[in-house]
Amino acid sequence: MWQNWSGCETSEAAVVAPRTIEQLREVLAAPDKVLRPVGAGHSFTPLVTGGGRILDLSQINTPTMLTSAPGRARVNANARLHDLSAALQTRGQGFRNLGDINVQTLAGAMSTATHGTGRDLPSIAAEMTGARLLSASGELVEIAAEDLPGVQVSLGLLGILLEIELNTVPAFNLRRRVGVRPFEVLLEQMHDNWAAHRCFEFFLLPHSGKGVQISHDVTEAAPSKSPLDLDALGLQVMKLASALRHLHPKLQRGVLALMLKLQAEEDYVGESWQVLSSTRAMRFNEMEYHLPPEVAEPVLRDIIRLIETRHPDVWFPIEVRQTAGDTAWLSPFQHGRRISVAVHMHGGQDYTGFFRDCEAIFRSVGGRPHWGKLHSLQRRDLEELYPDLGKFDALRARLDPKDRFLSPALARMFRP
C-alpha cells in the first residue's frame, strides 16, 4: 500500500516504476486507467491517490544534470532537490531560493508551487524556463513559450515531466540568524524584516505569547560550524507541554516559557542550500494559505485566538513566510506578493475541525491554498481565484484529451 509522508493519504493502486521512456510509454498505453505520478510523497492533498496506477519515476535512467551554463541549467525533473542542489554547487551554481524541506522532487515542488520565503523571491516554479514532458498519448513534447505559464504549476495534470530548464544563480553563502521574540514584536516588525532581509520567516508558538524569527542574508564570510539542530527536541517539549495542560493550563505555559528562555540566539554561515533546509522527523499534517499582505496581521491574531478559545490541543508552531508574485496560471502567487500562513497538527491528532475553522478565516480574506497542503476547494472556488483557469483547461484538453491523469479528486476542481 502506498502512503504519503504524513500517512493521511493512502492508496491500494499498483505502483509502477518504469526504467526507460519506452516502458513508460507502455504504461501509458494501457487502457482505461487513470495514472498519477508520484514524487517524494510530501503533499498532504490527494494528488497521487484515486487513480488506477501510481507512476514512480525515480528509476528512469536520466542524469541529474543534463546541461548547464551561467544562469541556466537543464536537469532531471524527477531528481530530488538536495541532489540537484549538490550537483549545481559543483558547477558554481545554485537555486535562487528553496523551501525548508529539500527531499521533494523538482517536478513535484514546481507542480505544487512549493516556495521558500523572501519578499522579492518567487516560488521554485517561477524559475522554470523550459520543460519536456511525455503527454498522455506517449508523445515527447518540448513546451512552447506560450504554454510555459500553464506547465510551471500543473499538479501532474498535463503529462509526465521528464526534463526541466530553470534559472540558476552563482553559488552563495547565507548567514542565518535565529531569535525568540514576543508575539506583538513579531507582528509589529514583520513587514520591516521582510524588507530588510533577503529571506525572513517566523513561527508563532501557541500558548506562549512568543515566537521564533529566522533571517537569511547573503554573506562573503566562510562557512562556520553549524549549531545543533534542536527543532525535533523543541517539538517534543511542546508536545509534552500540551499534555501537561490537561493537569493545569499554567503547566503548559511554564514549560514553554522555560524552553524559550533556554533558546539561544543562533548565528552561523553556510552554503545556501544547506542553510535553508531542515530535517522534519516528526510527522504532521498541514494547511497553508497564501494571503494578501495587508490582511496577514489580523488573520494571525484570529488564528491565535481560535487556538486559545476553541482548539487548545493545537500546539504545533504557525509558520509565516512571504513570496514574490509570478505569472503562472495556477500559481497562488499570480500577479502579486503573498504572505503564507501554515497551520499544523501532529500526525496523531484529528485535524479536521481546526483546519476547517482556519480555512474559513483564510478564505474570507481571499486566500489561495498551497496545492500540496490540505484544503477543500472545488471548481467554483478555482474559477473565482484563478483568472487564467480557462487557459489551463484548454492546455490540459490539448495534452490530455482523454483525462488519463485526472483522478476523481482532481476532477472536482479541474473538470469544467
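Between Arg80 and Asp83 there is no salt bridge, since no side-chain nitrogen of the basic residue lies less than 4.0 Å from a carboxylate oxygen of the acidic one. Salt bridge present: Glu308 and Arg253 bring a charged side-chain N and a carboxylate O closer than 4.0 Å. For Arg379 and Asp393, the salt-bridge test passes: some basic side-chain N is under 4.0 Å from an acidic carboxylate O. Remark: Glu266 engages Arg176 in a salt bridge, criterion side-chain N to carboxylate O under 4.0 Å. The pair Asp120-Arg198 does not meet the salt-bridge criterion, since no charged nitrogen lies less than 4.0 angstrom from a carboxylate oxygen. Salt-bridge check for Glu383 with Arg380: failed, with every basic side-chain N at 4.0 Å or more from each acidic carboxylate O.
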Problem set entry | Derivation and outcome, salt bridge (charged side-chain N to carboxylate O under 4.0 Å, His left out), residues Glu359 and Arg356 | CA-CA 5 Å; Glu359 188 170 41; Arg356 181 188 61 242; over 6 Å; no
Problem set entry | Worked check of side-chain contact (heavy atoms from CB on, under 4.5 Å) between Leu377 and Leu385 | CA-CA 10 Å; Leu377 263 61; Leu385 292 172; 3.6 Å; yes
Problem set entry | His311/Asp357 under side chain to side chain donor-acceptor pair (under 3.5 Å): CA gap, chis, key distance, verdict | CA-CA 10 Å; His311 298 282; Asp357 291 346; 2.7 Å; yes
For this session: In sequence, state the C-alpha distance, the side-chain angles, and the governing distance for Ser137 and Ser135, and then conclude on side chain to side chain donor-acceptor pair (under 3.5 Å).
Result: CA-CA 5 Å; Ser137 66; Ser135 72; 2.9 Å; yes
For this session: Check step by step if salt bridge (charged side-chain N to carboxylate O under 4.0 Å, His left out) holds for Arg337 and Glu294.
Result: CA-CA 10 Å; Arg337 296 187 182 103; Glu294 64 273 12; over 6 Å; no
Problem set entry | Working for side-chain contact (heavy atoms from CB on, under 4.5 Å), residues Val212 and Leu204 | CA-CA 7 Å; Val212 177; Leu204 299 177; over 6 Å; no
Exercise. Going through the distances and angles, do Arg396 and Leu406 end up as a side-chain contact (heavy atoms from CB on, under 4.5 Å)?
Worked result: CA-CA 10 Å; Arg396 193 180 72 79; Leu406 191 68; 3.8 Å; yes
For this session: Could you give me the CA-CA distance, side-chain angles and deciding distance for Asn285 and Phe354, then say whether side-chain contact (heavy atoms from CB on, under 4.5 Å) is met?
Result: CA-CA 11 Å; Asn285 290 300; Phe354 176 53; over 6 Å; no
Exercise. Do Thr49 and Glu9 pass the side chain to side chain donor-acceptor pair (under 3.5 Å) test, and can you show the C-alpha distance, the side-chain angles, and the key distance before you say yes or no?
Worked result: CA-CA 7 Å; Thr49 57; Glu9 284 290 316; 2.6 Å; yes
For this session: Please assess Phe414 against Phe392 for the test ring pair (Phe, Tyr, Trp, His ring centres under 6.0 Å), listing each intermediate value before the final yes or no.
Result: CA-CA 9 Å; Phe414 292 100; Phe392 184 82; 5.7 Å; yes
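For the atom pair Leu106 CG and Glu163 CD, the distance stands at 12.0 Å (nearest 0.5 Å). In this structure, the separation between CD on Gln378 and CE on Met413 is 7.5 Å, given to the nearest 0.5 Å.
Ser331 pairs with exactly one of Thr323, Asp388, Asp326 by the side chain to side chain donor-acceptor pair (under 3.5 Å) rule, that one being Asp326. For the side chain to side chain contact (heavy atoms under 4.5 Å, CB included) with Tyr289, the lone residue among His370, Arg363, Arg368, Lys373 that qualifies is Arg363. If you run side chain to side chain donor-acceptor pair (under 3.5 Å) between Asp147 and each of Gln152, Arg398, Lys391, only Arg398 comes through. Results of the side chain to side chain contact (heavy atoms under 4.5 Å, CB included) test with Phe316 over Val343, Leu205, Ile307, Leu235 single out Leu235 as the only residue that passes.
Note on ring orientation: taking the six-membered ring where Trp is involved, the planes of Phe284 and Trp5 are perpendicular (angle over 60°, cut-offs 30° and 60°). Taking the six-membered ring where the residue is Trp, Trp194 and Phe202 present tilted rings, their angle falling between 30° and 60°. Under the 30°/60° scheme for interplanar angles, the aromatic rings of His290 and His115 are found to stand perpendicular.
A donor-acceptor pair shorter than 3.5 Å can be found between the side chains of Glu165 and Thr129. In summary, the side chains of Thr112 and Thr114 do present a donor paired with an acceptor at a separation below 3.5 Å, with no hydrogens or angles considered.
Nearest heavy atom pair, residue Ile160 against residue Phe405, reads CD1-CE2, 3.7 Å. Closest approach of Ala113 and Ser123 over heavy atoms only: O-CB, 4.2 Å.
Heavy-atom neighbours of Arg283 CZ from other residues, nucleotides or ligands within 6.0 Å: above the threshold of 12.
Side-chain atoms of Val169 and Gln93, non-hydrogen and from C-beta on, never get closer than 4.5 Å to each other.
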